[in-house]
Visitor: 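Could you have a look at this structure, given as structure tokens, before my questions?
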Number of protein chains: 2
Amino acid sequence: MTHPQVAAFSGDASTIRIVGHRGARGVLPENSIEGFEFVLSIGIDLIEFDVVLTKDEVPIITHNHRLHGCRVRGPDQRFLDGKEPKVASLRMEEIEQFDIGKLNGDTAYGQRFPYQIQMDGVRIPKLSDLFQLISQPKYQSVNLMLELKSDPDLVSDDAARERIVAVVIDLVRKAGLSTRTLLHSFDWGLLAKCKRQAPDIPISFLTRMKSNADEVGEDSSTLVTPDLDDTAGCIPDRVKEAGGSLWCPYYKDITNEDIARARDIGLCVAVWTVNEFDDIDAMIDLHVDAIVTDYPGKVQRRLSDRGYRWTG
Amino acid sequence: MTHPQVAAFSGDASTIRIVGHRGARGVLPENSIEGFEFVLSIGIDLIEFDVVLTKDEVPIITHNHRLHGCRVRGPDQRFLDGKEPKVASLRMEEIEQFDIGKLNGDTAYGQRFPYQIQMDGVRIPKLSDLFQLISQPKYQSVNLMLELKSDPDLVSDDAARERIVAVVIDLVRKAGLSTRTLLHSFDWGLLAKCKRQAPDIPISFLTRMKSNADEVGEDSSTLVTPDLDDTAGCIPDRVKEAGGSLWCPYYKDITNEDIARARDIGLCVAVWTVNEFDDIDAMIDLHVDAIVTDYPGKVQRRLSDRGYRWTG
């Protein structure tokens, strides 16, 4: 039986799905309710985002374990450059003081997203804020790719890792979203815990060959993710063996053979993070199931021009 | 006394205004309620758009006098290429059948806006739809740059031209927006009629030197606008003499001397349509009052990086 959320991320002959990466990072502040609302307003019904726990165990939506100085401002409206507190050291009431509405254009990360809207008063959302948003009747067809971030300081603290998974799964169940959520991570150990704690919720495996460099301004995943460079050619099999429903390779890693193998063994393939027209075209040529992008308009445009749909 | 809407378009030492061109044409379908809502959601409170009358004299928001084949689809979901009906020949109930949610990427116009979101079911709005949107209490600080398009087939039909002006002004008054609207046009004759029919509503003069070419896919303004190439250097004076409150030059035409002269004689200067970072920077260097743009995020970004505000 296919899980409904896996079906929602799966393409067909005339459909390639679009997944809004951190909302629509190219257009609006990443991992913000404003960004998620935008994505939903333009007919995209699949959202990717990142979850980290605060000191008081509130799952919040943010990418890095430390507040990202080039896009987070304190109550004084200044960017945090050089003094980035760790999320796990802050209580939710402290998190609420920060503003994520602007990017610092003097930083390399800021320069990666020159089209992003600049606003004041945008808050780091709680996971429950997003759950509340998509629980509205008009958003019943929305499905989530919930990325669990694993704290590099806690890689060998098994109890803490179990706890992160438990807190998030509990919230998913209480919101009634266990059939609309994928648990998604670079950390295969964390995904194994998800599978044990919630066998009914499908898991989604992020991969990246070490031969492709990390992107500027991102927490590296190399500490927590398996080294797959030696197993190139059989990564889909490894994902399948680990109980995965989705395989989410970095778009530069994937080949025609990978896609064919994934299809043979019933894996859904969602590539990340595809932002340039040439790369979008290459992914359409490979006929992946889903394209994760910071620029949903660009992917809509190429799919539309080439006669593909992304919903329905 | 300064009209409140003119003050809303005027900058100061630390403020340069951002005007969303046709909403935010670079991001969402132009002249759509969806685009206007987006602009308002990102903290932009000045909107530029275009008004044309249907056969049954309903003012609608669209740029060209003929439905633009590369971005308008019929009920069969196909672009209108080659069979573009004239707006003035269609009744409102016919206009409502068309969909403006997508751009045809095979056309030169479509290729100008590769980031634009692609949607289905987006309708050509009535002017009254926009008035209703901005009449919500949360949008009380929103001001409008309402561009009157003058039908090239009616340039010598004075009664028809009076009628266009009368219908639009009547709607502005009925919506209670005569202190939040600028009447804006390339057609100085039409603006003179506005001034006579509604002396209390400020008028805004678009100009473009003929030496700069028309943009791809746009109705040309050359039929209805005065030839100003011979009067370069004293255009602000001509606008002032014609009763203008705003001067809106094409951004490639403007000089430091023009800005200084406009300031001396109390004209507000809003340049159009500025989309590239180098050009945005040049307009900030000139310290214009307002920048009309298809990409509000890009202008926000440069203003933010350079320490300017755009609202408040």
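Here the structure is a predicted model, which means the values were calculated and not measured. Letters go in sequence order (proteins before strands), and every chain restarts at 1.
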Visitor: Just wondering, are more than 12 heavy atoms of other shown residues or ligands nearer than 6.0 Å to CG in A/D278?
Guide: no

Visitor: Just so I understand: if I count every heavy-atom pair under 4.5 Å between each of B/D120, B/L103, B/D106 and chain A, which residue has the most?
Guide: B/L103

Visitor: Select one option (side chain, backbone, both, neither) describing which atoms of B/T311 are under 4.5 Å from chain A's heavy atoms.
Guide: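 For B/T311, neither part sits under 4.5 Å from chain A.
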
Visitor: Based on non-hydrogen pairs under 4.5 Å, which of A/M119, A/R302, A/Q116 is most in contact with chain B?
Guide: A/M119

Visitor: Considering non-hydrogen atoms only, spot the tightest contact between A/Q300 and B/Q118 and give its length.
Guide: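 Taking every non-hydrogen atom into account, OE1-N, 2.7 Å.
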
Visitor: By a 4.5 Å heavy-atom criterion (distance strictly below it), what part of B/F113 contacts chain A: side chain, backbone, both, or neither?
Guide: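 Just its backbone gets close to chain A.
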
Visitor: Count the heavy-atom pairs under 4.5 Å between each of B/G43, B/P114, B/G101 and chain A, then report the option with the highest count.
Guide: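 Counting heavy-atom pairs under 4.5 Å, the top option is B/P114.
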
Visitor: For A/K298, which atoms come within 4.5 Å of any heavy atom of chain B: side chain, backbone, both, or neither?
Guide: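 Both the backbone and the side chain of A/K298 come within 4.5 Å of chain B.
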
Visitor: How about B/D285: does its CG atom have over 12 heavy atoms from other parts shown lying under 6.0 Å from it?
Guide: yes

Visitor: Just so I understand: if I count every heavy-atom pair under 4.5 Å between each of B/G110, B/P296, B/G26 and chain A, which residue has the most?
Guide: B/G110

Visitor: Might you confirm whether atom NZ of B/K83 has over 12 heavy atoms from other residues, nucleotides or ligands at distances under 6.0 Å?
Guide: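 Yes.
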
Visitor: Between B/R301 and A/Q111, which heavy-atom pair has the shortest distance, and what is it?
Guide: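 Looking at all heavy atoms of both residues, the closest pair is NH2-N, 3.6 Å.
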
Visitor: Measuring heavy-atom distances to chain B, does A/Y115 have an atom under 4.5 Å in its side chain, in its backbone, in both, or in neither?
Guide: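 Contact with chain B is through both the backbone and side chain of A/Y115.
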
Visitor: Measure A/I44 against the heavy atoms of chain B and call it side chain, backbone, both or neither at under 4.5 Å.
Guide: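 No part of A/I44 comes within 4.5 Å of chain B.
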
Visitor: Is A/F38 in contact with chain B via its backbone, its side chain, both, or neither, using a 4.5 Å heavy-atom distance?
Guide: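 Side chain only.
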
Visitor: What pair of heavy atoms forms the shortest contact from B/S304 to A/K102, and how long is it?
Guide: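 Smallest heavy-atom distance, with atoms named: OG-CD, 3.6 Å.
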
Visitor: Verify the neighbour count for atom CD of B/E94: are there more than 12 heavy atoms of other residues, nucleotides or ligands below 6.0 Å?
Guide: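 Yes, enclosed.
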
Visitor: Minimum heavy-atom separation for B/N104 and A/D305, please, with both atom names.
Guide: C-OD1, 4.4 Å

